[in-house]
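To find a chain, count down the sequence lines: A is the first, B the second, and so on, and within it residues start at 1.
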Number of protein chains: 2
Amino acid sequence: MGITKSEIFTKEQNKLATMLKAIAHPARIAILQHLIKADACICGDLVEELGLAQATISQHLKELKNAGIIQGTVEGASVCYCINPKVWQQYKKELDALFGSYKGSTGCC
Amino acid sequence: MGITKSEIFTKEQNKLATMLKAIAHPARIAILQHLIKADACICGDLVEELGLAQATISQHLKELKNAGIIQGTVEGASVCYCINPKVWQQYKKELDALFGSYKGSTGCC
DNA sequence: AAGTATCATCGTAATATTGCGATATACTTG
DNA sequence: CAAGTATATCGCAATATTACGATGATACTT
């Protein structure tokens with residue numbers, strides 16, 4: 001009834017799903033792309049850049065931070081965000097593994 | 001208000017998010033992995049394999065089919081599903097582009 | 001200390017997702 | 001054609017997500 005039955009899946013499957021869910025939102029993709037382009041930026045920049053309310057941006061940043069894919073450092077009154085290189089590479093690796101595991105086939109179609 | 005403001009994002013960002021959302025669920029990852037391993041299979045196989053109700057599996061299959069990542073062919077009374085190689089490669093390419101666009105940096109951390 | 005800027009959290013409303021039983025549809029077999 | 005098999009769809013209940021205003025917390029400035 002509306003709750004994902006995570007106990008019937010493997011740890012890997014649940015982890016991958018959580019990972020993908022973290023970046024499966026246009027706002028969060030936009031945030032990541034902006035972080036890549038600008039190297040780093042503060043929350044206020046993203047509010048201006050994306051045109052969403054500050055509370056909304058903060059919430060998305062929190063989810064990305066929970067996923068580990070970004071990290072924030074307090075810098076005076078503001079918080080500077082940037083990509084977490086290690087986690088980024090790990091994401092890349094795991095997605096490569098998933099998408100690389102399919103070698104094509106005749107299937108049934 | 002609970003509705004994603006897709007109009008403020010680019011077509012690419014929305015497309016990527018939709019793509020990722022399609023596979024951002026452990027059941028759908030499990031389905032894809034089974035399809036990769038078995039080359040092809042019918043809905044009933046997945047019901048047994050995953051331990052979810054038939055209606056639930058059918059719904060997940062529908063979402064994967066909507067995303068274009070799998071395709072089904074009617075085979076008598078049953079429907080045979082398999083990976084769509086073209087779309088699979090496209091997904092792979094777009095994710096490589098996203099994850100390859102980050103070349104590391106000092107960030108701010 | 002008071003004021004300002006920046007960000008996080010709370011609470012809420014709207015909407016979306018998840019899972020399933022029941023039922024409908026389509027094909028096969030006797 | 002009737003009965004069986006396989007899948008899709010409907011309708012519902014439970015839960016999750018999205019967005020935002022209001023408010024709280026923190027740190028810098030004067």
Side-chain angles (χ1 to χ4, degrees), chain A residues 1-9 13-14 17-31 35 40-67 70-82 108-109, chain B residues 1-9 13-14 17-31 35 40-67 70-82 108-109:
Chain A
M1 300 111 194
I3 190 169
T4 300
K5 282 190 158 182
S6 48
E7 71 275 10
I8 69 173
F9 304 108
Q13 288 164 341
N14 283 313
T18 304
M19 234 177 69
L20 289 167
K21 212 160 127 189
I23 56 176
H25 190 286
R28 294 197 284 272
I29 290 176
I31 289 175
L35 281 182
C41 73
I42 64 176
C43 174
D45 292 344
L46 293 165
V47 174
E48 276 199 19
E49 186 77 14
L50 300 197
L52 286 171
Q54 183 265 322
T56 307
I57 297 288
S58 186
Q59 200 172 296
H60 283 306
L61 286 171
K62 187 181 174 185
E63 287 182 55
L64 288 170
K65 217 164 52 176
N66 275 346
I70 66 170
Q71 54 193 169
T73 342
V74 178
E75 239 176 45
S78 48
V79 177
C80 182
Y81 286 99
C82 65
C108 55
C109 316
Chain B
M1 330 209 136
I3 189 169
T4 299
K5 284 191 160 181
S6 48
E7 72 274 10
I8 69 172
F9 304 108
Q13 287 165 341
N14 283 312
T18 304
M19 232 177 71
L20 288 167
K21 211 160 126 187
I23 55 175
H25 190 284
R28 295 198 284 272
I29 290 176
I31 290 174
L35 280 182
C41 72
I42 64 174
C43 172
D45 292 344
L46 293 165
V47 174
E48 277 199 18
E49 187 74 14
L50 299 198
L52 286 171
Q54 182 267 324
T56 306
I57 296 289
S58 187
Q59 200 174 297
H60 283 305
L61 285 171
K62 188 181 173 185
E63 288 182 55
L64 287 171
K65 218 165 50 177
N66 276 346
I70 67 171
Q71 56 192 170
T73 341
V74 178
E75 239 175 48
S78 49
V79 177
C80 181
Y81 287 99
C82 65
C108 56
C109 315

### Message
Within residues 40-51 of chain A, which residues have any heavy atom lying less than 4.0 Å from an atom of DNA chain D?
### Response
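Nothing qualifies; none.
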### Query
Are B:I29 and A:L20 close enough that some pair of their side-chain heavy atoms sits under 4.5 Å apart?
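Yes, their side chains come closer than 4.5 Å.
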Return the minimal non-hydrogen interatomic distance between [X] and [Y], and the atom names on each side.
{"X": "A:T56", "Y": "A:L52", "answer": "CG2-CD1, 4.1 Å"}
{"X": "B:A27", "Y": "B:L50", "answer": "O-CD1, 3.8 Å"}
{"X": "B:F9", "Y": "A:P26", "answer": "CD1-CB, 3.5 Å"}
{"X": "A:Y81", "Y": "A:I70", "answer": "CD2-CD1, 3.8 Å"}
{"X": "B:L35", "Y": "B:C41", "answer": "CD2-SG, 3.7 Å"}

### Task
State whether the number of non-hydrogen atoms from other residues, nucleotides or ligands found under 6.0 Å of B:E48 atom CD is greater than 12.
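No, the 6.0 Å shell around CD holds no more than 12 heavy atoms from other groups.
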Approximate separation, where rounding is to 0.5 Å, of [X] [atom1] and [Y] [atom2]:
{"X": "B:N14", "Y": "B:K5", "atom1": "CG", "atom2": "NZ", "result": "13.5 Å"}
{"X": "B:H25", "Y": "A:T18", "atom1": "NE2", "atom2": "OG1", "result": "10.0 Å"}
{"X": "B:I23", "Y": "B:I31", "atom1": "CD1", "atom2": "CD1", "result": "12.5 Å"}

### Query
How does each nucleotide of nucleotides 24-30 of chain C score, in 5' to 3' order, for protein heavy atoms under 4.0 Å: base (B), sugar-phosphate only (S), or none (-)?
---SS--
### Query
Base, backbone or nothing for each nucleotide of nucleotides 11-18 of chain C, written B, S, -, heavy atoms under 4.0 angstrom, 5' to 3'?
--BBS-SB
### Query
What residues, two or more places apart in sequence or in another chain, satisfy side-chain contact (heavy atoms from CB on, under 4.5 Å) together with B:S78?
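Scan of B:S78 (side-chain contact (heavy atoms from CB on, under 4.5 Å), adjacent residues dropped) gives B:I42.
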### Message
Is A:Y81 close enough to C:dT6 that one of its side-chain N or O atoms is under 4.0 Å from OP1 or OP2 there?
### Response
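Negative; the distance criterion is not met.
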Side-chain donor-acceptor distances from residues 57-65 of chain B under 3.5 Å, at least two apart:
| residue | atom | partner | partner atom | Å |
| --- | --- | --- | --- | --- |
| B:H60 | ND1 | B:R28 | NH1 | 3.0 |
| B:E63 | OE1 | B:R28 | NH1 | 3.3 |

Applying a 4.0 Å non-hydrogen cut-off, can you work out what [X] is touching in the nucleic acid: base, sugar-phosphate, or nothing?
{"X": "A:S58", "result": "base"}
{"X": "A:A53", "result": "sugar-phosphate"}
{"X": "B:L52", "result": "sugar-phosphate"}

### Task
Evaluate the side-chain contact (heavy atoms from CB on, under 4.5 Å) criterion for residues A:C43 and A:V79: first the C-alpha distance (whole Å), next the side-chain angles of each, then the deciding distance (0.1 Å), finally the verdict.
CA-CA 7 Å; A:C43 174; A:V79 177; over 6 Å; no
### Bounds of contact between DNA chain D and chain B, in 5' to 3' order, using a heavy-atom cut-off under 4.0 Å
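Contacts span D:dA6 to D:dC20, reading 5' to 3'.
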